[in-house]
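One structure below.
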Number of protein chains: 2
Amino acid sequence: MRYPPGHKEERRRELLKASGALVKERGFAASGVDALTEAAGVTSGAFYSHFTSKNDLLKALVESELRASNERWAANPHETAEDWIGYELDRYLSMSHVRHPEAGCVLPALGAEIARADGEVKEAYARELAKGIDILTRRLGDKDRAWAFLCQMAGAILLARTMPDQKSQLALIESSKRFLQEAFNGRSEAASMKKASTAKRKSPAPRQ
Amino acid sequence: MRYPPGHKEERRRELLKASGALVKERGFAASGVDALTEAAGVTSGAFYSHFTSKNDLLKALVESELRASNERWAANPHETAEDWIGYELDRYLSMSHVRHPEAGCVLPALGAEIARADGEVKEAYARELAKGIDILTRRLGDKDRAWAFLCQMAGAILLARTMPDQKSQLALIESSKRFLQEAFNGRSEAASMKKASTAKRKSPAPRQ
DNA sequence: GTCTATACGCGGATAGAC
DNA sequence: GTCTATCCGCGTATAGAC
């Protein structure tokens, strides 16, 4: 073979990374194969030696993106439920996440397109998402709360991105942040202590 | 003129209705002008006598869909906050809404595509959404809670639609329903009284 | 394994007849 | 105002050279 061993796997990972970012930014249907491969520095011909079709890419993309999200949940360094939750609220419900879908969670960016995808994509999706829900369940106590937490956060980012200006976007995510803070940590005085929430905790990573 | 007066306005309404359903089902980018007009019983030529471009349709569509949603919030017959909320939870967080995006709320179906739209679309969108938030604010007490309520509901429908089977879908929306029920009506015993929530209230309309 | 070239259909949008 | 016919670009996917 004319290419070093491991080259194909590495290229595939590059393709997933580059096309993942582009698809989260522009949408899957709106992203052509040419643009996706160009973002990874190859041509459309090479694409079909890694994926059998564009739909096959979607499946691989959704798996890869959810794995990355699960790793982020797992990387939260806090032990107590309150600190763990607060860290995730600051990380996920941030303006950086609103403004950079290409680096963010796949759910608010591609949820509707995953919903319209075929069974193969959705089953791969469900398998990976279940692992994320397991992590959340361990931290939040039960599965009900895990799902509700995730729905609130994904919904907040989705809706924040629809708003035309940063001020509205911030107001929206802060509403959900306060709501979850109260619901999970039972602080009815959270609204009055403004910015104090981040001060006590280790700061989250800059992106997402 | 060869067509009766009011014909154009009616046709435009038909176009908005038919294309609204199709776009919520398939996505905006994935819906061609031919398919959209065919659904309304006209050809693509007629389309451009009503809308200057496909983007112009999106703007009109988002306005029209949000107005319909606002009318649904306004049509809730209940007076007390608890009953009003319970009615909306049963109406919005229903399997019928999960399985029929074409007849449902525009936010979980098109949120991500609205987020990617240009300023004109987003400003029209924000104007109508603000009216819906006003209704929710009056019912729930303050704007914070209105936003949080909406984010949770839209997020729940979005994620439920990504699930591959009805059982998972139902489990997901019921999680959000119980969570909101507790958070807004303060029933920590809600989980134990299973189906009792719908029994006392007037039932919501069959669709959405 | 990746490239260039290409097949072929569907995308949005316009022109001109009625 | 709506139709049919059409332009042209971009979509996915494949063939064959290297």
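Below, read A as the first sequence line, B as the second, and so on, with proteins coming before strands; counting in each chain starts at 1.
- In this structure, B:G32 reaches the sugar-phosphate backbone alone: every heavy-atom distance under 4.0 Å involves primed, P, OP1 or OP2 atoms, never a base.
- In the set D:dC3, D:dA13, D:dA5, the nucleotide with an atom closest to the side chain of B:S44 is D:dA5.
- Protein atom OH of B:Y48 is 9 Å distant from nucleotide atom C1' of C:dT14, rounded to whole Å.
- Using a 4.0 Å heavy-atom distance criterion, B:S31 is classed as a sugar-phosphate-only contact.
- The CD atom of A:E14 sits 13 Å away from the C1' atom of C:dT2 (whole-angstrom rounding).
- Atom C1' of nucleotide C:dG12 and atom CG of B:N55 are separated by 12 Å, given to the nearest angstrom.
- Counting heavy atoms of neighbouring residues, nucleotides and ligands inside a 6.0 Å radius, atom CD of B:E14 exceeds 12 of them.
- The only option from B:L172, B:V98, B:L170 that meets the side-chain contact (heavy atoms from CB on, under 4.5 Å) definition with B:M163 turns out to be B:L172.
- Taking only side-chain nitrogens and oxygens, A:R11 never comes nearer than 4.0 Å to OP1 or OP2 of C:dG1.
- Here D:dT2 presents its C1' atom at 11 Å from CG of B:L15, a figure rounded to the nearest Å.
- Between the NZ atom of A:K54 and the P atom of D:dC10 there is a distance of 15 Å, given to the nearest Å.
- Of the candidates C:dG1, D:dT12, D:dT2, the closest approach to any side-chain atom of A:K8 belongs to C:dG1.
- One can place CD of B:E38 at 14 Å from C1' of C:dC10, the figure rounded to the nearest angstrom.
- Counting to the nearest Å, the P atom of D:dA13 and the CZ atom of A:F47 are 8 Å from each other.
- Distances shorter than 4.0 Å separate some side-chain N or O of A:S49 from OP1 or OP2 on C:dT2.
- Sequence order on DNA chain C of the closest nucleotides to B:A30 and A:A46 puts A:A46 first from the 5' end.
- Relative to the ring axis of B:F51, B:K59 does not place its NZ or CZ within 45° and under 6.0 Å from the centre.
- If you measure from atom CG of A:D34 to atom P of C:dT4, you get 11 Å, rounded to the nearest angstrom.
- More than 12 heavy atoms of other shown residues, nucleotides or ligands fall within 6.0 angstrom of atom CD in B:E63.
- When distances are taken from the side chain of A:T43 to each of D:dT12, D:dT2, C:dT4, the shortest belongs to C:dT4.
- No donor-acceptor pair under 3.5 Å is formed between the side chain of A:S176 and the backbone N or O of A:I173.
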